[in-house]
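Per chain, numbering begins at 1; letters A, B, ... match sequence-line order.
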Amino acid sequence: QSGTLTLYTSQPNEDAAETVEAFNAQYPDVEVEVFRSGTTKVMGKLMSEISGGNPQPDVLLIADVVNMEKLKAGGHLMAYQGADLSGFDSKTYDADKTYFGTKLITTGLIYNTAAQHTPETWEDLTEPWAKGKVIMPSPLYSGAAVNTMGILTRADGLGWDYYEALAENDVAAVRGNGTTLKQVASGQKAYGMVVDFLAFNAKAQGSPVDFMVPERGLTWVSEPVAILESAENKEAARAFVDFLLSKQGQGLASSQGYIPAKSGVEMPDWLPEDRELTLMEKDAGAILETMEQDLKRFEELFGAS
Amino acid sequence: MTLHKARLIGEGRPLLYATAGLVVLLSVVPMLRLLVEAVWPSGGLSLQPLREVLSDSATWRATRHSLEVGIAGTLLATVIGSAAALLFTLSDIRAKGPLVFAFVLPLMIPPQIAALSWLQVFGPSSVLLKILGLAPPLGSPNPLYSRAGIVLLLGTHFAPLVFLSLRAGLRALPRDLVEAARASGARAPATVVRIVLPVMMPPLVAGVALTFVSCIGNFGIPALLGIPANYQVLTTLIFQRLATFGPDVLSQVAILSVLIGVIAGSGIAVQGWMLTRKDYRLSGGGGDGLPFALGRWRGWIEAAAWGYGLAVLVIPLLAMLCTALVVGYGVPLTVETATLDNFRFILFDHDASARAFRNSMSLSAAAALILVPLCVVLAYFLVLKRDPLARALNVAAEMPYALPGVVLAVAAILIFIQPLPLTGGTIYNTVWIILFAYVARFLTLELRPIIAGCHQLDPALEEAARMCGAGILRRLWSIVLPLLAPAATAGALLVFMQALNELTVSALLWSSGAETLGVVVYNLESGGFTTKATAVAVLAVAATVAVMLALTLLAGRLPRGTLPWQK
Amino acid sequence: MAEVKLEGVTKDFDGTRAVDDANLKVADGELVALLGASGCGKTTLLRLIAGFERVNAGRIAIGGQQVAGPDTHTSVEDRNVGIVFQSYALWPHMSVAENVGFPLKVARVPRSEARQRIERALDTVGLAGAGERQPGTLSGGQRQRVALARCLVMEPDVVLLDEPLANLDVHLRASMQETFHDFHRRSGQTMVYITHDQAEAMALADRVAVMDGGRLLQVARPDVLYHRPATPTVAGFIGASTVVPVFVRGGEMQETRQVDLLGVAVTVRAEPAAPHDGAAQVMLRPGDLVIHDAPSDDRLAVRVVRRIYAGGHLLLRLVHDSSGAAFTVPVAEDSQFGAGATAWLEILGGWLIPRDDPS
Amino acid sequence: MAEVKLEGVTKDFDGTRAVDDANLKVADGELVALLGASGCGKTTLLRLIAGFERVNAGRIAIGGQQVAGPDTHTSVEDRNVGIVFQSYALWPHMSVAENVGFPLKVARVPRSEARQRIERALDTVGLAGAGERQPGTLSGGQRQRVALARCLVMEPDVVLLDEPLANLDVHLRASMQETFHDFHRRSGQTMVYITHDQAEAMALADRVAVMDGGRLLQVARPDVLYHRPATPTVAGFIGASTVVPVFVRGGEMQETRQVDLLGVAVTVRAEPAAPHDGAAQVMLRPGDLVIHDAPSDDRLAVRVVRRIYAGGHLLLRLVHDSSGAAFTVPVAEDSQFGAGATAWLEILGGWLIPRDDPS
Ligand SMILES: Nc1ncnc2c1ncn2[C@@H]1O[C@H](COP(=O)(O)OP(=O)(O)OP(=O)(O)O)[C@@H](O)[C@H]1O
Ligand SMILES: Nc1ncnc2c1ncn2[C@@H]1O[C@H](COP(=O)(O)OP(=O)(O)OP(=O)(O)O)[C@@H](O)[C@H]1O
Ligand SMILES: [Mg+2]
Ligand SMILES: [Mg+2]
């Protein structure tokens with residue numbers, strides 16, 4: 001394999017660098033050009049390039065399937081029938097083999113260690129003791145939050161009642177996970193919903209926060225990878241996808257603190273001993289279908305002004 | 001004698017056309033490209049997105065909100081900025097240099113950091129309030145998450161725009177105009193209100209217009225403070241559209257951007273209208289006027305000025321420093337937790353940071369330096385020659401600054417994604433596209449103060465140079481530029497500081513090796529390395545201070561009054 | 001060196017006519033003074049010659065080359081005219097020497113030569129040694145002299161001066177007049193010199209052009225202007241004079257006329273073509289008047305309204321009450337006429353003004 | 001209305017002394033003219049009285065109230081002084097009427113009254129009807145008149161004028177002088193009037209103060225200054241004169257002295273206290289000189305260097321070659337003395353200048 005491979009990704013910088021490094025260990029002749037930014041920005045750039053008629057990336061690695069579905073619908077993704085999917089749950093990849101989940105990024109509960117209570121369940125966020133002290137990313141601005149909203153509102157016993165209760169309890173919906181983390185870490189807020197790796201990174205650096213896996217389980221996204229129809233170096237692109245789905249690739253994700261999507265790969269060390277890792281049920285197609293109404297509904301609920 | 005030539009091309013036409021061409025490329029082309037995207041998505045006319053956006057109540061609510069916070073924020077910035085400019089220039093307040101520093105530097109503090117630090121100082125976890133026993137209980141709603149909070153942040157963050165513009169103007173105020181008013185029996189307040197401010201209309205209006213456009217186009221502050229309160233403005237609406245990414249997202253974004261452009265453009269039109277009604281040419285030079293004595297108020301006013309500086313500069317700066325000096329975000333700074341690891345990492349172990357410093361410094365400086373001659377020429381034709389072509393470009397120049405950075409970046413991508421015509425080369429994925437975007441975006445920051453300066457020029461000064469046989473380039477270089485130096489530096493400083501801090505444009509345009517400071521901060525931040533990200537921000541402020549101090553060393557060689565913090 | 005020629009030059013500023021059909025030929029090496037009341041269009045005329053303003057009608061030629069016309073306009077830089085601005089127009093960011101040296105820098109004169117020429121120019125205007133000062137710290141007169149030096153140093157074909165001595169004291173003014181005179185003789189440059197001081201105009205100029213309301217009323221040698229003004233306005237402008245309405249009663253000689261002047265019969269000088277009867281106006285100079293303390297048939301009764309000390313002698317302001325005509329007559333310092341007293345004027349002669357002012 | 005008193009007032013600008021130990025008392029209602037060369041410190045003195053500058057030493061009192069001193073400094077607004085600036089200082093953003101009306105607005109004069117007073121003031125300076133114009137469209141002289149009107153309208157206790165007529169033509173200048181004269185008589189205001197025109201100073205002022213190099217050389221009535229100047233500089237400033245070195249050879253009378261003037265014996269006026277021998281200087285006025293075309297023992301041989309036309313007569317510039325002394329003598333227009341010719345001067349008298357200039 002050789003040539004240049006252009007990768008657009010929303011992975012954190014360090015992770016992306018490690019991934020490329022590990023890939024290059026196998027394919028030293030491929031030069032990987034990386035553009036990294038938030039999902040919104042990566043998509044903004046890609047859509048502009050598509051609109052300008054000259055999309056640059058060969059491979060796209062972003063956080064959520066929703067955007068992948070849209071690209072697929074626009075005919076911009078290439079099917080890769082030959083991908084080795086052994087050990088992958090069929091929920092994690094596209095049936096048409098245009099994109100493949102590479103790891104599971106979960107959203108759970110975060111709390112400031114100085115807070116009086118420790119939230120154990122999603123419902124705890126609606127308790128009176130949490131009133132006004134909870135913060136979460138707004139699905140209006142964050143793809144991961146759309147996903148979380150889609151899962152929670154479809155869960156038995158939660159549903160839209162749950163979001164109504166959150167709104168009742170003065171939960172703040174902010175722009176993204178970063179803001180959520182900072183507010184909890186600095187003690188502005190006591191509890192929140194946040195993606196796992198941010199919370200663990202912060203905790204590892206000594207921030208006064210901890211992550212909690214709720215009893216019902218975590219919501220999750222699968223960080224799918226896809227090859228673009230317009231890719232110039234499809235060979236290398238396939239190799240890259242193969243690598244991500246391989247045992248080494250999955251092991252790397254695990255060592256970076258993510259839950260691997262392939263079964264039989266070692267789990268990351270942050271996973272609590274005492275609690276079973278449960279992932280909540282998720283129907284990506286349904287979430288995508290009702291997304292627009294759901295967002296409207298959310299906006300009405302949390303629309304203070 | 002070159003009669004024939006003179007008849008054919010007129011005075012300096014080629015220069016004007018060259019400049020105009022550049023400005024068209026920088027401002028008109030991106031806007032047109034967006035317009036095409038709005039009504040001509042994927043190669044066919046479609047009014048569907050237009051209809052959709054215009055019939056959506058969210059659009060009009062966001063527009064109303066944008067206008068609300070835009071106008072209120074501008075008013076606040078104008079009050080703060082002009083009060084400071086008047087005090088620091090015309091009164092006998094002490095320590096003017098440091099005060100000017102304290103007033104200009106907050107532009108370097110990312111507004112979200114300022115907001116967070118205020119939230120900390122006045123929020124539940126405030127050490128200060130805890131000591132006083134006044135800390136609100138954890139989780140109590142914070143008043144900054146509101147329209148008022150947005151206005152407060154916009155007002156304080158952009159006050160330096162008004163300040164720098166007005167201060168540059170005040171330094172050209174002929175002493176005798178003030179003296180004539182005082183001899184007429186007018187005291188300091190009446191003199192300021194009736195004489196000084198009206199005479200200073202051009203720089204004041206320029207500062208106000210800039211602030212208005214900045215407030216309308218700002219994303220960071222409403223994103224931080226408005227989203228939790230679900231108070232949506234046009235820029236956050238655009239971001240939302242991009243984030244949720246429906247069909248025709250680019251068309252919708254383009255249409256919303258045009259809406260912002262229209263609002264900003266009407267602001268500039270008002271400015272132009274205000275300035276053509278009256279005469280503001282000042283003859284005679286400035287002079288060290290007898291400053292107004294503050295008398296027994298001096299102590300109080302100084303305390304207020306320093307108190308303000310404390311609030312907008314020192315507190316956020318300390319908050320940044322505290323964050324950058326601990327291992328993890330939220331860890332209280334104590335002797336045990338303090339560490340220089342973050343700085344060590346940024347300075348020695350993080351190649352991207354070093355590159356980003358180099359890139360951002362050179363990009364910002366290059367943008368500032370390119371813009372000075374460009375704007376001097378444009379302003380010269382606009383104000384002194386009343387050239388219709390230059391006038392038309394005046395409004396266009398505003399657009400790239402009014403657009404959200406993401407949108408300008410999208411426009412830049414749309415323009416440069418295909419290989420350049422003729423040469424076949426491309427600037428896409430290089431630093432040059434970022435430079436293009438910077439020059440386009442910050443054009444107006446340089447142009448407004450310079451135009452204001454031009455309005456106050458005595459035309460005889462330029463005529464005298466013509467008489468000496470100096471051609472247009474000579475006159476611009478030897479006469480007009482030095483006379484405009486204070487305004488030009490004020491503008492260049494604004495450009496430099498804004499560009500150094502900028503994220504939203506480069507977030508879409510950077511490529512490996514062409515990172516900017518904003519990109520590095522953002523990437524570190526989104527990887528969860530807030531403390532390291534803050535260390536970069538602290539170093540950026542330090543670098544800016546270093547640049548300003550370095551300029552001070554050059555002060556002797558610059559025309560008098562060039563540096564805003566000089567006496 | 002070049003002649004300057006204006007033909008039918010007209011200039012309007014949004015509605016008001018600042019210069020109206022001006023015709024003027026300044027010969028090569030001639031010094032013409034432009035004299036006129038404030039706001040009469042002198043500066044505008046100068047700016048038209050310099051090229052700062054475009055003509056609305058008419059033509060201007062410098063050295064035989066048309067520089068302004070219906071569709072020509074040579075720009076200032078290419079006309080090689082030097083100007084001393086009424087408002088000085090010094091560049092505040094340059095030192096005095098830099099201001100003066102600027103034209104030389106533009107013309108790429110070698111440094112050492114430039115330095116010498118700057119020093120010489122500053123010396124000429126009495127500012128030797130002030131080269132390093134900033135214009136902002138100079139007094140009004142000092143600034144004007146710097147502006148002058150800047151013009152002198154560039155040695156242009158045509159020099160235009162807009163009241164170059166207005167802010168100088170008599171002393172310096174006299175010596176600067178000498179400077180100009182010598183400079184003009186030596187350089188042989190064509191000069192147009194605006195002033196509102198008729199004494200200066202007559203002392204310096206080869207010819208004087210009197211302007212009023214945008215029009216050139218008369219362009220002539222100083223003594224011609226003094227003795228034979230063409231219109232009442234010119235008469236009023238040049239030297240002290242009184243213009244009074246008269247009735248012409250005939251006259252034997254070609255060059256004199258008999259007139260009835262406020263009831264007194266007087267013989268005055270006139271053009272040969274002057275009418276032999278009808279209403280007209282006569283100009284009286286102080287030399288035409290003798291003051292007496294006793295009445296007589298051929299004397300006019302006037303009232304003394306003010307005694308003005310004029311250094312070594314007095315000027316009496318006299319008013320002829322019934323007509324309102326006012327006269328100024330020099331008398332000895334010890335004259336006994338007090339304010340309010342009555343005196344009797346004998347009129348020895350006068351000049352029959354040939355034309356009325358254009359309206 | 002108030003008297004103005006300066007005692008030992010001194011002002012330095014970084015090193016250079018602009019005003020040096022000035023002592024002056026302007027009586028209530030008096031008009032004192034400040035006369036002096038460009039850069040001699042006139043404007044600075046005025047600015048000290050107005051309160052724009054702080055004194056370095058000395059005191060200033062207005063109306064008996066000390067307004068400036070070692071540790072007093074009343075601010076400008078509280079001194080009620082009106083000022084007409086040398087540079088006009090019109091506010092560009094206001095119309096002419098607004099400029100003139102500003103002091104009234106500050107003083108909260110009712111509108112209708114203000115309008116009347118503005119109109120009257122504009123009328124006085126000959127600008128009736130120009131109220132709506134913008135200062136930028138006015139000619140230099142028109143601007144100066146607006147500045148004047150602005151000062152007139154506020155009717156202050158003390159009026160300070162910095163060359164208020166410098167940019168006006170003779171015509172207007174004479175009529176503005178009348179205006180001032182009348183205005184001063186009527187209002188009885190105390191005025192300090194800077195001018196570089198000695199004729200204007202003598203015509204208008206009760207007393208004239210002559211300044212040089214920051215010092216007040218002499219403050220006296222115009223005729224005293226003219227006939228009995230205290231120093232050579234004063235003599236040179238007031239009227240045409242020549243100052244020549246002489247040797248005093250005694251004198252019989254208290255008030256005359258015999259002197260040897262360039263080899264010719266002359267009797268000159270002198271102060272009683274004047275020395276009876278030794279080197280001294282004598283001032284000669286044109287009236288002391290008679291020009292002849294033939295030599296004689298008591299005549300000085302001089303060379304005609306220039307004929308200056310002065311309207312109705314000529315001025316001859318004469319130089320005494322061996323001493324370099326220069327004389328200006330008026331002669332008739334038809335005088336035959338041409339440039340380069342030799343003439344002989346008879347000296348009828350002169351004034352023995354009592355003091356030398358302070359260095
Ligand atoms: N740019 C202009 N716009 C409108 N009117 C003007 C302009 N410049 C001059 N004028 C008018 O044209 C007339 C002539 O002005 P100009 O400056 O030529 O007078 P001037 O003879 O030089 O007077 P002064 O002796 O007072 O300097 C005046 O009425 C003046 O107000
Ligand atoms: N702000 C200042 N700083 C330094 N020197 C000054 C300043 N103002 C005036 N001077 C100097 O003080 C001296 C007196 O100046 P001033 O303006 O009083 O002169 P003036 O008599 O009014 O002259 P003119 O008749 O030319 O207006 C001059 O040498 C001038 O250069
Ligand atoms: Mg003029
Ligand atoms: Mg002065």
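Taking CZ of C:Phe85 as the reference point, atom CG of B:Leu461 lies at 9.0 Å (rounded to 0.5 Å). Note that CD1 of C:Ile83 is 8.0 Å distant from CD of B:Glu463, once rounded to the nearest 0.5 Å. Taking CD1 of B:Ile479 as the reference point, atom CH2 of C:Trp91 lies at 4.5 Å (rounded to 0.5 Å).
Side-chain contact check for B:Met467 versus C:Arg79: every heavy-atom pair is 4.5 Å or farther apart.
Only the backbone of C:Leu90 comes within contact range of chain B, with heavy atoms under 4.5 Å apart.
Comparing B:Ala485, B:Ala464, B:Ala460, B:Pro459 by how many heavy-atom pairs each has under 4.5 Å with chain C, the most go to B:Ala464. Of the listed residues (C:Arg47, C:Met94, C:Glu98), the greatest number of heavy-atom pairs within a distance under 4.5 Å of chain B belongs to C:Arg47.
Distance alone, capped at 3.5 Å, places no donor-acceptor pair between the C:His93 side chain and the B:Leu481 backbone.
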For residues 124-134 of chain C, which side-chain N or O atoms pair as donor and acceptor with protein atoms under 3.5 Å away, sequence neighbours left out?
| unit_1 | atom_1 | unit_2 | atom_2 | d |
| --- | --- | --- | --- | --- |
| C:Thr124 | OG1 | C:Arg120 | O | 2.7 |
| C:Arg133 | NH2 | C:Thr137 | O | 3.1 |

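For C:Val84, the side chain to side chain contact (heavy atoms under 4.5 Å, CB included) partners are C:Ala147, C:Leu148, C:Cys151, C:Leu161, C:Pro164, not counting sequence neighbours.
Summarising the local packing, CZ of C:Arg17 is surrounded by more than 12 heavy atoms from other residues, nucleotides or ligands at distances under 6.0 Å.
Of the charged side-chain nitrogens involved, none lies within less than 4.0 Å of a carboxylate oxygen, so that B:Arg474 and C:Glu77 do not count as a salt-bridged pair.
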